[in-house]
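A short worksheet on the structure shown next.
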Amino acid sequence: MDERRVFTLSQVSTAIKQRIEEATGGQAYWIRAEIAGLKVKNHAYLELVEHKGGQKVAVMRAHIWNSAYQRIRSELGAEADNILKDGVEVLLLGRVDFHLVHGLSINIEALDLAFNIGEMERRKLATIRALKEDGLYNRNRFAPMPMVLQRIALVASVGSAAYADFMQHLQHNERGYRFHVRVFGSAVQGDGAAAELRAAVGAIDPRLFDALVLVRGGGSKLDLEPFNDLELARLVAAFPKPVLTGIGHDVDTSVLDLIAKEPHKTPTAVADFLVDKASGFEIALTSMLDKVHGLVLEDFSMRRETLSAYAEMVRTRPVNHCQLQRGRLHTATGQLAHRVQAKLHTEGQVLENHRARLTTDPLRWLQQVKRAGLEELSIKLGLVANKQLQLVALQLKGLRETVNLLGPQATLARGFSITRAQGQAITDAGNLRPGERITTTLAKGTVHSTVESIEQHG
Amino acid sequence: MAEKPLTYDKAYAELEQIMTDLQADKIGVDELTVKVKRAVELITFCSQMLRSTEDEVGKLVKKLGLA
Amino acid sequence: MAEKPLTYDKAYAELEQIMTDLQADKIGVDELTVKVKRAVELITFCSQMLRSTEDEVGKLVKKLGLA
Amino acid sequence: MAEKPLTYDKAYAELEQIMTDLQADKIGVDELTVKVKRAVELITFCSQMLRSTEDEVGKLVKKLGLA
Amino acid sequence: MAEKPLTYDKAYAELEQIMTDLQADKIGVDELTVKVKRAVELITFCSQMLRSTEDEVGKLVKKLGLA
Amino acid sequence: MAEKPLTYDKAYAELEQIMTDLQADKIGVDELTVKVKRAVELITFCSQMLRSTEDEVGKLVKKLGLA
Amino acid sequence: MAEKPLTYDKAYAELEQIMTDLQADKIGVDELTVKVKRAVELITFCSQMLRSTEDEVGKLVKKLGLA
């Protein structure tokens, strides 16, 4: 057991301290950890914890010396209380400090505010993403906006300045509008605010109200945290009436501001909006009436113009019409005389024509047709009579020649002769006796002889 | 020459009869002579009638020219 | 000259008939003189009728000129 | 001149008929004088009718000028 | 002047008919005076109608000025 | 003036019809007086209606100004 | 006109309709007064509603007869 080397506790502690100092070289490290068990008595003492899957995987004591604490608080400003509290994860600059008496502890020298804000933004974005995935992100923006929002469900911290400002502005508006406000009280910051807000919104019957108004007084950036709450945001986005926010932060906007139908900076602004809306409505109505009146007047003046144009027409048209008719009558009168005269003139000419023909035609007819015919007949009569007479003369002449030819004289001339006895022409010799006296007639002269002998022929 | 109221037409008719007889060789020489004589008489009568008619017609027609 | 109520038209018709007969060799010499005489009469009648008609018409027409 | 109620139109129609007949030689010489006489009467009648009508119409129309 | 209920339009139509007939020579000389007389009557009637209408309309229209 | 329940619109419609007829010279002289009389009545009626309506509307609108 | 619960939006829509009708010349003069009266009523109603407390609203609606 003698080989056994025994160290005093301080030797060991000193050796560990030396080893740690050798390892760290007195250097400060950025460490990410959650604050727990924070106590501030002059200096601040706390534990840093790391969770993983709900289990603590590392714990270490830490402290902030008073001077550093004061500096850090002033650096965090309004956010100091939001960050320097249990359960907040922070990014800290610290040195590992091993105290022989107090043991291992992290000496926190600075906190990175941007880390916390960034974290909040990250959570905010996650909430937005979740709302979008649910289809809720734009839901309230599509809620129909009535022309007047008079019945108001107000979610606010009763007694807060924000509440008072809102009520004051709303109820004492210049134009005397009445708003019917029902308050649903709720804490609006700090732990549990989100839950209270959820409960308040959940209690509202949307059918009874025109709008849901959420107001909060001013606060730090991280005070907005409850208004980024996913569950609250879901309720608000799904609210069927318009949601108006006056959550009061100059620079940043909460998730509720993003999904609300009407985000305003301050409660006062919300109140003004409501009053302005009512007033705008009333003005719109009045101006509409003015327009209606104007249109009526315009319409009437047009009608008056038409009526007076009609009156003018009534004044002039009939007169013109009568004048036109008078002109036509005048023309007719002229035409009447003219046409009658023309007619009489034509008749007169026809008569004149007949008269002229009558003075010439019958005489001409008598002379040319009748007298000429008669004369022609006269001539013809002479001709025809003469012709007849000549024909008869010819006939007579022919007869005379024939008689001459047929008469005995012609036969005698050819040498024949006629023998007569006792005045009788003898054609048969047998009728004669010798010695008888006969006469023979020749063409020229007569012979007296006595018959000597007779010879019978045939 | 003409007996009582011998007219041209009667004369001419007789003449024509004689001519027919003559042409029919039925007539003996003695009769023939008589007939011929009559025919000549008739022809002469007719001739004279014709001439006087011509004269008369001529006068009538001439009168017309003055009408 | 004209017998009872001889008119121009009757006279003219008779005249035309005579002319037709004359031209048709139907008339014996004895009738010829008679017909020609009648024709002359008729022509003369018609002529006078024409003249008197002309005169009368002329007078009537003259009156027209003054009407 | 005109018999009973002779009108211009009747008179004119008769006149035209006469003129047409005259031109168509439908009127014999015997009728001629009568027809011409009638025609002269008719023309005279028509002429007077025209004149009196003119006068009357003239008066009527003159009256209008003052109407 | 007019018989029973003569109106301007009827009168004018009748007048126009007369004028048309006149131009178309549809009116004989006998009718002429009667027609012209009627036309004059009609024109006179129409003229008076026009005058009285003008007067009446004038009075009515004067009333308008005060409306 | 108007008979039973004459309204502006009825009156105006009637007036327009008369005016259209007037402008188209569809109204004869006979009707003219009657139509003009009616037109004058209608114009007067419409004018008065316009004025009284205007007054009434004016009062109503003024009343609101104080509301 | 409006059914049971007259709302601001309905009132406004009705008023707009009246405007549109007026602008479209759809309203005769007779209807016009009625419409304008209605417009005044609507505005009066809205004005009073805007200024009345929750308790008064029911009474007001009843009173105005617009419900």
Side-chain angles (χ1 to χ4, degrees), chain A residues 293-362, chain E:
Chain A
H293 191 204
L295 282 172
V296 168
L297 292 179
E298 197 181 318
D299 180 62
F300 278 19
S301 102
M302 271 167 56
R303 284 176 197 272
R304 275 223 182 75
E305 266 174 48
T306 309
L307 283 179
S308 77
Y310 281 176
E312 191 51 33
M313 264 170 67
V314 170
R315 255 188 277 272
T316 56
R317 273 273 165 181
V319 174
N320 289 346
H321 187 71
C322 285
Q323 274 169 359
L324 189 81
Q325 292 296 331
R326 196 176 289 288
R328 282 165 76 184
L329 280 183
H330 194 73
T331 307
T333 307
Q335 278 177 352
L336 180 66
H338 184 72
R339 282 183 196 172
V340 168
Q341 269 159 9
K343 163 87 180 159
L344 290 172
H345 184 70
T346 308
E347 289 290 331
Q349 271 182 336
V350 173
L351 273 186
E352 190 47 53
N353 206 13
H354 283 336
R355 188 202 303 264
R357 274 177 51 202
L358 194 62
T359 50
T360 57
D361 286 1
Chain E
M1 197 167 295
E3 290 96 20
K4 289 145 284 173
L6 188 58
T7 66
Y8 184 94
D9 295 328
K10 275 186 194 166
Y12 192 78
E14 197 183 335
L15 181 61
E16 266 191 327
Q17 188 55 52
I18 291 174
M19 297 304 289
T20 307
D21 290 351
L22 260 180
Q23 214 172 9
D25 265 344
K26 276 187 187 170
I27 300 177
V29 172
D30 301 309
E31 270 183 299
L32 206 60
T33 314
V34 174
K35 289 283 180 184
V36 170
K37 204 175 173 190
R38 180 66 179 157
V40 167
E41 270 176 23
L42 293 169
I43 290 173
T44 308
F45 171 77
C46 285
S47 245
Q48 291 175 346
M49 276 289 278
L50 277 186
R51 183 158 307 143
S52 70
T53 300
E54 267 175 0
D55 288 353
E56 235 173 307
V57 165
K59 278 182 218 155
L60 288 169
V61 164
K62 208 168 274 177
K63 263 205 251 176
L64 245 195
L66 309 169

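What you see is a predicted model, and the numbers here were worked out from it, not measured in a lab. Sequence lines set the chain letters: A, B, ... in the order given, protein chains first and strands last, and positions in each chain run from 1.
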Query raised in the report: What part of E:Leu60 lies closer than 4.5 angstrom to a heavy atom of chain A: side chain, backbone, both or neither?
Result: neither
Report summary line: Residues at least two apart in sequence or cross-chain that pass ring-ring contact (aromatic ring centres under 6.0 Å, His included) with A:His293, listed by chain then number, are none
Requested in this report: Return the set of residues passing side-chain hydrogen bond (donor to acceptor under 3.5 Å, both in side chains) with A:Asp299 (not counting sequence neighbours), or none when no residue passes.
Outcome: A:Arg303
Query raised in the report: Measuring from A:Gln335:CD to E:Thr20:OG1, what's the distance to the nearest 0.5 Å?
Result: 9.5 Å
**Report entry** CZ-OG distance between A:Arg315 and A:Ser308, expressed to the nearest 0.5 angstrom
**Finding:** 8.5 Å
Query - Rounded distance (nearest 0.5 Å) linking atom CD of E:Glu16 with atom CD1 of E:Ile18 - result: 11.0 Å
Requested in this report: Would you mind reporting whether A:Val314 and E:Val57 have side-chain heavy atoms less than 4.5 Å apart?
Outcome: no
Requested in this report: Determine which residues belonging to residues 320-329 of chain A lie within contact range of chain E, meaning some heavy atom pair is under 4.5 Å apart, and list them by number or answer 'none'.
Outcome: A:Cys322, A:Gln323, A:Gln325, A:Arg326, A:Arg328, A:Leu329
Report task. Counting only heavy atoms closer than 4.5 Å, note whether E:Leu50 contacts chain A via side chain, backbone, both or neither. Result -> both
Report task. Find the distance between OG1 (A:Thr333) and CG (E:Leu15) and round it off to the nearest 0.5 Å. Result -> 7.5 Å
Query raised in the report: To the nearest 0.5 Å, what is the distance between CD (A:Glu352) and CZ (A:Arg355)?
Result: 5.0 Å
Query raised in the report: Rounded to the nearest 0.5 Å, how far apart are NZ of E:Lys10 and CZ of E:Phe45?
Result: 10.0 Å
**Report entry** Close contacts, residues 336-345 of chain A versus chain E, judged by heavy atoms under 4.5 Å
**Finding:** A:Leu336, A:Arg339, A:Val340, A:Lys343, A:Leu344
Query raised in the report: Of the non-hydrogen atoms in E:Cys46 and E:Tyr12, which two are nearest, and what is the gap between them?
Result: SG-N, 4.0 Å
**Report entry** A:Glu347, part contacting chain E, at a heavy-atom distance under 4.5 Å
**Finding:** side chain
Query raised in the report: Is the shortest side-chain N to carboxylate O distance from E:Arg38 to E:Glu41 below 4.0 Å?
Result: yes
